[in-house]
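Labels below follow one simple rule: chain letters A, B, ... track the order of the sequence lines, proteins then strands, and each chain is numbered from 1.
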There are 2 protein chains.
Amino acid sequence: MSSIRELAHRCGVSVATVSRVFNTPEVVSQQTRQLVLDMAAEIGYLPNESARTLATKKSNMVGLVWDTDHRRPGWRHPFLQDILVALKSALSAQGLHLLMLAPDQSAGPAGRQRFLRAVQRHNVDGVVIIDNGSRDPAVLALADAGVPCVALDLRFTGPTCTYVTSDNRGGGRLAAAHLIDRGHRRIATITGPPDTWPAAERLAGFRAVLADAGRSLDDADVVAGDWYLDSGHTAMRRLLARDPRPTAVFAAGDEMAVGAMRALHEAGLRVPEDIAIVGFDDIEVAALIPPGLTTVAQDKTGIGTAAAEAMVAMLQGTVTPEPTALPTTLIVRGSA
Amino acid sequence: MSSIRELAHRCGVSVATVSRVFNTPEVVSQQTRQLVLDMAAEIGYLPNESARTLATKKSNMVGLVWDTDHRRPGWRHPFLQDILVALKSALSAQGLHLLMLAPDQSAGPAGRQRFLRAVQRHNVDGVVIIDNGSRDPAVLALADAGVPCVALDLRFTGPTCTYVTSDNRGGGRLAAAHLIDRGHRRIATITGPPDTWPAAERLAGFRAVLADAGRSLDDADVVAGDWYLDSGHTAMRRLLARDPRPTAVFAAGDEMAVGAMRALHEAGLRVPEDIAIVGFDDIEVAALIPPGLTTVAQDKTGIGTAAAEAMVAMLQGTVTPEPTALPTTLIVRGSA
DNA sequence: TACGGTCTTGAAACCGGTTACATAGGGGCG
DNA sequence: CGCCCCTATGTAACCGGTTTCAAGACCGTA
């Protein structure tokens, strides 16, 4: 691996000049610049990132924190992969790389310690937090330390923190409007955990539209799940016990919607003839499961891209961008 | 951020001694060691990873290469997330971190250049390649350069390369055996692209069992898809045109199986009564789609863990571990 | 008492960059 | 002509570690 000194020597210039060629090319003469660049290409010189990080304290790496919820070992972000692709792509366009930094939940507090240290030791420029559940103390510590943070699907603000989410409230509205359009009058909902922000927002939007239409939502028609399939199943059974039975259900997450559909199937009811279902997220399964789940889609790529942009903005300027809420869209399939 | 010199000064020892406390503790006296450790904890000293990398040329980071198939922009590894979790967890238990290094396919050759440089510049210790499709030239260059590589689901060997896969052939056997057990006589199959290794293996195993049972597989009963849903749909329609119609189909990938089921549904046929289906992979949807897809499950966590182990072995010793094939298991659900 | 060996420790070079500061050369202007 | 400023480059300190080599302390032994 050729070093900057070797390159400098071969070109008959000083190392400082070589360094300048790569960092502040405008201050070096056209002639010298070309000479250095040609020679660099010839011997395959590449600046060593560790040395550069050491000298500048900037690593061009952003940490990716995810899966910090140890209460749920099997926790899966519903569209991690889509976000990852978009995030990675947008960041690498800026010369930034992604270092995965999940605090090892199996290792408990020790794992969290390691995680925090990893962030500091590697001079990570910032972190992206992808998690819609708990707030990890280690992550909060990062924010306190002034590390630029961009959270996804998680309300997270501070002097150096911002977040990107979908317009959950608007999404809730879309769902309600669609069901009303379809002529449903007895509409129930399966929400997410009441203490989570997306769940609260989706419910609020949903409720608002119903209210506008002159229909209030009976408390017994709102049952909370935990985003996972089984909870949707349970919730739906509870709703089926209502009398009169709802003719439509808005499930605030697709997995719960699928669970609900399963409960309906078991009860011998048909979707959408007997009960209509609208989900939220637009996960892969939504398109695959018959009769197709009508759902409020989140802009997964947009979320990843917006997160990258926010991160870049924080890294370049000193401003902390305002939180972004990306529009959601209703995807009409067969279930409503 | 406190440096090693500060810590050394506070302890009244030399920086060399401090360094030894963290790297070769056995050579420093019990007393000094304790003093340094206590003081380090007190002032929150953490060795700087960049400086260490610079000095030792080991970064404790392994690169993760994935999504290198630009022929398919939407390429999704069927269980990236599961593998990622296992891989990350096993690696971080060894103090290794994961740096995402997808060659940016949208950037074409330039992106690939950047990628290669990233690997070198960051002194990545090794690379995990997760991709069951094409072989990226940039990745091959890495292998040539002697970078330790572990490939997943991809036959990839060399002096510093090994790979981890499922026992695809055995899985094909399981599928065939199950269908024969169920009394099926007219069995067809939807394979993956014939030029891919997993597809060939699965088919080989499948064929072998049929042959053992005295049944040969008519060429017209073997139709190839491209792993994706639509191709399963198309393939199934082709198979339905056969006379007599097969009573069972082994789809070498779950997505294709789902596509096949959809085609059956459209044709007014029922699963498993009219036609039985067995898939391969056990992706999330398999459990969700009615009546439940009977499938050959890959050990996703095992794959991630095995990959991590192989990587660690290469990093520590000088040996390149033999390729590993993880056992598959048949998950019986409702489709067969 | 002198000597060799073992155990600890320190001094200093080195890894490969960046950057503050100094300097040399050239041009414009009074 | 002398002065000043500007541009292009070099010198050397520095980032925060690791590691080689040498040396001091202490021990047992001849």
Side-chain angles (χ1 to χ4, degrees), chain A residues 1-40 43-61 95 97 117-125 315, chain B residues 1-37 39-40 43-61 95 97 117-125:
Chain A
M1 201 66 58
S2 47
S3 75
I4 195 174
R5 302 188 211 263
E6 176 179 346
L7 178 55
H9 181 245
R10 292 217 195 201
C11 295
V13 301
S14 73
V15 294
T17 300
V18 174
S19 178
R20 284 191 274 258
V21 167
F22 290 100
N23 298 304
T24 50
E26 62 278 7
V27 309
V28 32
S29 76
Q30 163 68 28
Q31 210 178 24
T32 315
R33 194 192 318 163
Q34 205 46 247
L35 169 67
V36 171
L37 287 177
D38 290 347
M39 183 60 78
I43 69 175
Y45 166 76
L46 292 176
N48 179 311
E49 209 58 44
S50 306
R52 173 178 271 179
T53 298
L54 180 56
T56 61
K57 299 180 181 317
K58 302 219 126 290
S59 65
N60 291 325
M61 293 192 292
H97 291 278
R117 292 152 60 133
V119 174
Q120 296 180 21
R121 287 162 58 138
H122 284 92
N123 289 100
V124 163
D125 294 341
L315 259 32
Chain B
M1 202 66 58
S2 48
S3 74
I4 197 176
R5 301 188 210 265
E6 177 179 345
L7 177 55
H9 181 246
R10 292 218 196 200
C11 294
V13 301
S14 74
V15 295
T17 299
V18 173
S19 178
R20 282 191 275 258
V21 166
F22 291 100
N23 297 306
T24 50
E26 62 278 9
V27 310
V28 32
S29 75
Q30 163 67 29
Q31 209 177 25
T32 315
R33 195 192 317 161
Q34 204 46 247
L35 170 66
V36 171
L37 287 177
M39 184 60 79
I43 69 174
Y45 167 77
L46 292 176
N48 180 310
E49 210 57 44
S50 306
R52 172 178 272 176
T53 298
L54 180 56
T56 62
K57 300 182 182 316
K58 303 220 126 289
S59 65
N60 291 325
M61 293 192 293
H97 291 278
R117 292 152 59 132
V119 174
Q120 295 180 22
R121 287 162 58 136
H122 284 92
N123 288 100
V124 163
D125 295 339

Sugar-phosphate only, base, or nothing, as touched by Tyr45(B) at under 4.0 Å among non-hydrogen atoms: sugar-phosphate

N or O in side chain of Ser14(B) less than 4.0 angstrom from dA11(C) OP1/OP2: no

Phosphate OP1/OP2 of dT9(C) contacted by Thr32(B) side-chain N/O (<4.0 Å): yes

Distance below 4.0 Å between Ser29(A) side-chain N/O and dA8(D) OP1 or OP2: no

Rounded distance in Å - CD (Glu26(A)) to P (dT9(D)): 13 Å

Length of the line joining Arg10(B):CZ and dG16(D):C1', which is rounded to integer Å: 17 Å

Atom-to-atom span, CD of Glu6(B) to C1' of dG16(D) - whole angstrom: 12 Å

Any Met61(A) side-chain heavy atom under 4.5 Å of Glu49(A) side chain: no

Below 4.0 Å: OP1/OP2 of dG17(C) and any side-chain N or O of Asn48(A): no

dG10(D) OP1/OP2 closer than 4.0 Å to side-chain N/O of Thr17(A): yes

Geometric class of the Tyr45(B)/Phe22(B) ring pair [parallel <30°, tilted 30-60°, perpendicular >60°]: tilted

Selected nucleotide, minimal atom distance to Leu54(A) side chain, candidates dG16(D), dG10(D), dT18(D): dG16(D)

Protein-nucleotide distance (Asn23(A), atom CG; dG16(C), atom C1'), rounded to Å: 13 Å

Toward the 5' end of DNA chain D, by each residue's nearest nucleotide, Arg5(B) or Arg20(A): Arg20(A)

Listed nucleotide nearest any side-chain atom of Ile4(B), set dG10(D), dT18(D), dT9(C): dT18(D)

Presence of Ser50(A) side-chain N/O under 4.0 Å of dG16(C) phosphate oxygens OP1/OP2: no

Gap between atoms CD and P, on Gln30(B) and dT9(C) respectively (whole Å): 11 Å

side-chain hydrogen bond (donor to acceptor under 3.5 Å, both in side chains) assessment of Thr17(A) paired with Ser14(A): CA-CA 5 Å; Thr17(A) 300; Ser14(A) 73; 3.3 Å; yes

hbond_proxy Arg121(A) side chain to dG16(D) base (donor-acceptor, 3.5 Å cutoff): no

Rounded distance in Å - CD (Gln120(B)) to P (dG17(C)): 12 Å

Sugar-phosphate, base or nothing in reach of Val18(A), heavy atoms under 4.0 Å: nothing

Whole-Å distance separating the CG atom of Asn60(B) from the C1' atom of dT18(D): 14 Å

Check: Ser19(A) and Ile4(A) side chains under 4.5 Å, non-hydrogen atoms: yes

Donor + acceptor pair across side chains of Arg52(A), Asn23(A) (<3.5 Å): yes

Nucleotide of dC15(D), dA12(C), dT9(D) approaching Val15(B) most closely (side-chain heavy atoms): dA12(C)

Under 3.5 Å donor-acceptor pair, Arg52(A) side-chain atoms to dG16(C) base atoms: no

Integer-rounded Å distance: dG16(D) P and Lys57(A) NZ: 4 Å

